[in-house]
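These notes concern the structure reproduced below.
Every chain is numbered from 1, with letters handed out A, B, ... down the list of sequences.
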Number of protein chains: 2
Amino acid sequence: MGDDPCVGETRRGRPTMNDVAAAAGVALKTVSRVVNSEPGVNAATANRVQAAIERLGYRRNDSARILRRGRTASIGLVIEDVADAFYSSLSRAVEDAALHHGYLLFTGSSREDAARERDLVLAFCARRVDGLIIVPAGSDHGYLAPEFEAGIKAVFADRPPGAGCEADTVLCDNAGGGRTGTAHLIAHGHRRIAFLGDSPGIFTAAERLRGYRQALAAAGLPYDEGLVVMAPPDPARMRADLARLLTASDPPTALLAGNGRTTVETLRALASLTGAADAGAAGGLALVGFDDFELADLLGITVVAQDPARLGRTAADLLFMRLSGDEEPTSRIELATRLVPRGSGERPPLPLRDRTAG
Amino acid sequence: MGDDPCVGETRRGRPTMNDVAAAAGVALKTVSRVVNSEPGVNAATANRVQAAIERLGYRRNDSARILRRGRTASIGLVIEDVADAFYSSLSRAVEDAALHHGYLLFTGSSREDAARERDLVLAFCARRVDGLIIVPAGSDHGYLAPEFEAGIKAVFADRPPGAGCEADTVLCDNAGGGRTGTAHLIAHGHRRIAFLGDSPGIFTAAERLRGYRQALAAAGLPYDEGLVVMAPPDPARMRADLARLLTASDPPTALLAGNGRTTVETLRALASLTGAADAGAAGGLALVGFDDFELADLLGITVVAQDPARLGRTAADLLFMRLSGDEEPTSRIELATRLVPRGSGERPPLPLRDRTAG
DNA sequence: CAAGGAACTGACAACGTTGTCTAGGGCCAT
DNA sequence: ATGGCCCTAGACAACGTTGTCAGTTCCTTG
């Protein structure tokens, strides 16, 4: 009479185990056993249940399951921005690990906003994720205290947690990378090296600057504030800064770019300033970038390479160790960086008079 | 006596609303009202409850909430690979939309594997996501039927669902883009244009090839299978293919690369084959890439640009329309592509004898 | 043949929350 | 003074699952 071809009750919404049980003529618990492949169900019964499951299109409700069992088999990942290649590589590594362990993954980008980091983390906690991997934007992680109390595991990646927050941490050796990159330029004869970093509040930016200063000091070179820019990589601002640097009375002969974004924007700025088609050699400046990027090989850009996938993998490994009961003291791992010479960082200083030739 | 400084019972695990209620001397339901900012609670009482919440570090259990309310305020996103720039831009757009609507986001990469796409989607469904955005890897979406029956909303992005699956779809105009790119090369005098695509089973790859053929036909040019490669972008394989193409008796004077990956790998292959530092001009070949990529501007690579962020935004908009009750017939949106001339696609055909000059 | 066990199945409570309904008390208008 | 209403608060069931425990059947074994 109705227009529903199904046999029996027309239920709106999803069938439950109860519906399946009724359809198969067994008890609820038996369905549960079949769904979870628990032993102790007669093959014939199991088949009947299985048939009912397929006929009704039954799908277990994991919210109920989670509520009952207390574990969610999911983890949360908070990064700075998925659209950034560094973080998307990291994401992918975490995703792989999660999949491998049978976990589902919540993802969110903080956009370098501490409040947003906190909201995301707490939302994940409300969903009762078993663990968290956090690239922190903020420096106060007091809000995590009740979560730790409740047994949640967290691993910090790329940047350490705020003071007073004890948790596993995986970092790159940012200061070491800054030293290496700077020392490389010094070894090629440069004495005036500009550092184009990100906001000084960002841990990695500050560390890399520290490494830069260490290398200068080790070589007996003075630290000149006029050669350092620490600000978010805005294209227009960077072009202006570079123009100012290059037309100064004692301009730099080499640049160290503080991260992937600044490297790329530096290349753009150089290209637009010098009009050179081959930005890699623009202005005869030597250039070392921090963080490798796609096509750096073709552009011949020397970089201090990090390994975001390894960072993600390591963080995930630590987390899953914790989730499987590991109670060791928290560890802090620093991953080495690797200098990849490709030409732009091996150019000797160009005497001032040759500059305009481009 | 114990070593726990807390007053009252020492509970392991998280405090519940019941615990908060006991601590504040009110009923469970009153706590619920406070937590959810429901009206009808005296300010003084609310303060008492709030204090208890903070003292105990209470955090609502969303699994229970979801179970009770039936809606999860979360959506699932299945893409091909987060680490790919195209999909990470798309992800970010979806993430923004989710945040804006107060939804949480599950993410997973299918790796071009239909079974994995299915597993991810079903896992998300088991978590009772309210909606799905899917970049399908497979071509059979029958497994979604029970989910649709249960009221889940799904939007397909970048590629259409398999036959028989009626759902909102947002695509790029792949055939149109293929036509545009090919016509552009033809307009610059090319008659022998190679097409370097991806696996023919991938919808976008097949569509772009179709556009290429349409443009050839429109210009009265023959379709030469020898100029077409349809396979996943493996670097070694691509180098071999390019070497074969370029040393053939009647080699192409221009290349149309089928997607971002193939464009980049083509550049690498050309650079390694010709030894040219400036890969953009390697071998004097004209080149148009499908899908824009970072630094294409600096390299001077002409592309048929898609807009992955817009794709994600549009898909999310459609999904949230559905989630807010929209019952219109399903729509299929095609987003226009945009040709961005940058030099590599505007080179005229180079006579064969000049080739080796590189 | 009785007793014991193995294999299978089911009844029931509990997970932590929210929706519905009811109850008490204070205040206003009649 | 009394009925009625609003404001506040709580009791209780229900969401769909899983863990515990108890029951039934049937087979083995002494």
Residue closer to the 5' end of DNA chain C, A:A46 versus B:A64 (nearest nucleotide)
A:A46
Tell me which nucleotide among D:dG10, D:dT18, D:dG16 gets nearest to the side chain of B:V26.
D:dG10
Before giving the answer on side-chain hydrogen bond (donor to acceptor under 3.5 Å, both in side chains), spell out for B:H141 and B:E117 the whole-Å C-alpha distance, their side-chain angles and the decisive distance to 0.1 Å.
CA-CA 10 Å; B:H141 295 95; B:E117 169 209 317; 2.9 Å; yes
Spacing between A:R14 atom CZ and D:dT17 atom P, to the nearest angstrom:
10 Å
Steps toward side-chain hydrogen bond (donor to acceptor under 3.5 Å, both in side chains) verdict (A:R127, B:N61)
CA-CA 6 Å; A:R127 290 304 228 270; B:N61 184 329; over 6 Å; no
Rounding to an integer number of Å, can you tell me how far B:R128 CZ sits from D:dG16 P?
9 Å
For atom CZ of A:R33, decide whether the heavy atoms of other residues, nucleotides or ligands shown that lie under 6.0 angstrom number more than 12.
yes
Does a nitrogen or oxygen in the side chain of A:S63 sit under 4.0 Å from OP1 or OP2 of D:dG16?
no
Send over the distance from A:N47 CG to C:dC8 P, rounded to a whole Å.
13 Å
Given A:R48 and A:N42, is the side-chain hydrogen bond (donor to acceptor under 3.5 Å, both in side chains) satisfied, shown in steps?
CA-CA 10 Å; A:R48 207 145 34 91; A:N42 185 292; over 6 Å; no
Between P on D:dC15 and CZ on B:R127, what's the gap in Å once rounded to a whole number?
22 Å
Any base atoms under 4.0 Å from B:V41, or only sugar-phosphate, or nothing? Heavy atoms, all strands.
sugar-phosphate
Would B:E80 and B:S110 satisfy side-chain hydrogen bond (donor to acceptor under 3.5 Å, both in side chains), going step by step from the backbone distance to the final call?
CA-CA 5 Å; B:E80 205 258 294; B:S110 70; 5.4 Å; no
For the residue pair B:T169 and B:I333, establish whether any side-chain heavy-atom pair is separated by less than 4.5 Å.
no
Could you check which of D:dT18, C:dC8, D:dT8 has an atom nearest any side-chain atom of A:N42?
C:dC8
Do A:R14 and B:E147 meet the salt-bridge criterion of a basic N to acidic O distance under 4.0 Å?
yes
When you match B:R59 and A:G40 each to their closest nucleotide on DNA chain C, which lands nearer the 5' end?
A:G40
Out of C:dT9, D:dT17, C:dT17, which has the shortest distance to the side chain of A:L28?
D:dT17
Roughly, in whole Å, what's the span from CZ in A:R71 to C1' in D:dG19?
16 Å
Spacing of A:E38 atom CD relative to D:dT18 atom C1', expressed in whole Å:
8 Å
In whole Å, I'd like the distance from the CZ atom of B:R65 to the P atom of C:dT17.
10 Å
Closest to the A:M17 side chain, choosing from D:dT17, C:dA11, D:dG10:
D:dT17
When rounded to whole Å, the CG to P distance for the pair A:D19 and D:dG16 reads 8 Å
Residue-phosphate contact under 4.0 Å: B:S32 side-chain N/O, C:dT17 OP1/OP2
no
Testing B:T107, B:D81, B:D158 for side-chain hydrogen bond (donor to acceptor under 3.5 Å, both in side chains) with B:Y87, which one passes?
B:D158
Categorize B:I66 for me: base, sugar-phosphate, or nothing, with a 4.0 angstrom heavy-atom threshold over every strand shown.
nothing
When you measure from the side-chain N and O atoms of A:T30 to the phosphate of C:dT9, is any distance below 4.0 Å, counting only OP1 and OP2?
no
Nearest-nucleotide wise, let me know which of B:G25 and A:Y58 is further upstream toward the 5' end of DNA chain D.
B:G25
Need the bend value for the helix from C:dC1-D:dG30 to C:dT30-D:dA1: angle between end axes, 5 pairs each end, nearest 10°.
50°
Hey, does B:R60 reach any base, or is it just sugar-phosphate, or nothing, if we go heavy atoms under 4.0 Å?
sugar-phosphate
What nucleotide, of C:dT18, C:dC8, D:dT8, holds the atom closest to the side chain of B:K29?
C:dT18
Charged N-O contact under 4.0 Å between A:R111 and B:E95:
yes
Heavy atoms only, 4.0 Å cut-off, all strands: where does B:D62 land among base, sugar-phosphate and nothing?
nothing
When you check the phosphate oxygens OP1 and OP2 of C:dT18, does a side-chain N or O of B:R69 lie under 4.0 Å from one of them?
no
For a quick check, tell me whether the side chain of A:R68 and the base of C:dG16 share a donor-acceptor pair closer than 3.5 Å.
no
Is the phosphate of D:dT18, meaning OP1 or OP2, less than 4.0 Å from a side-chain N or O of A:N36?
yes
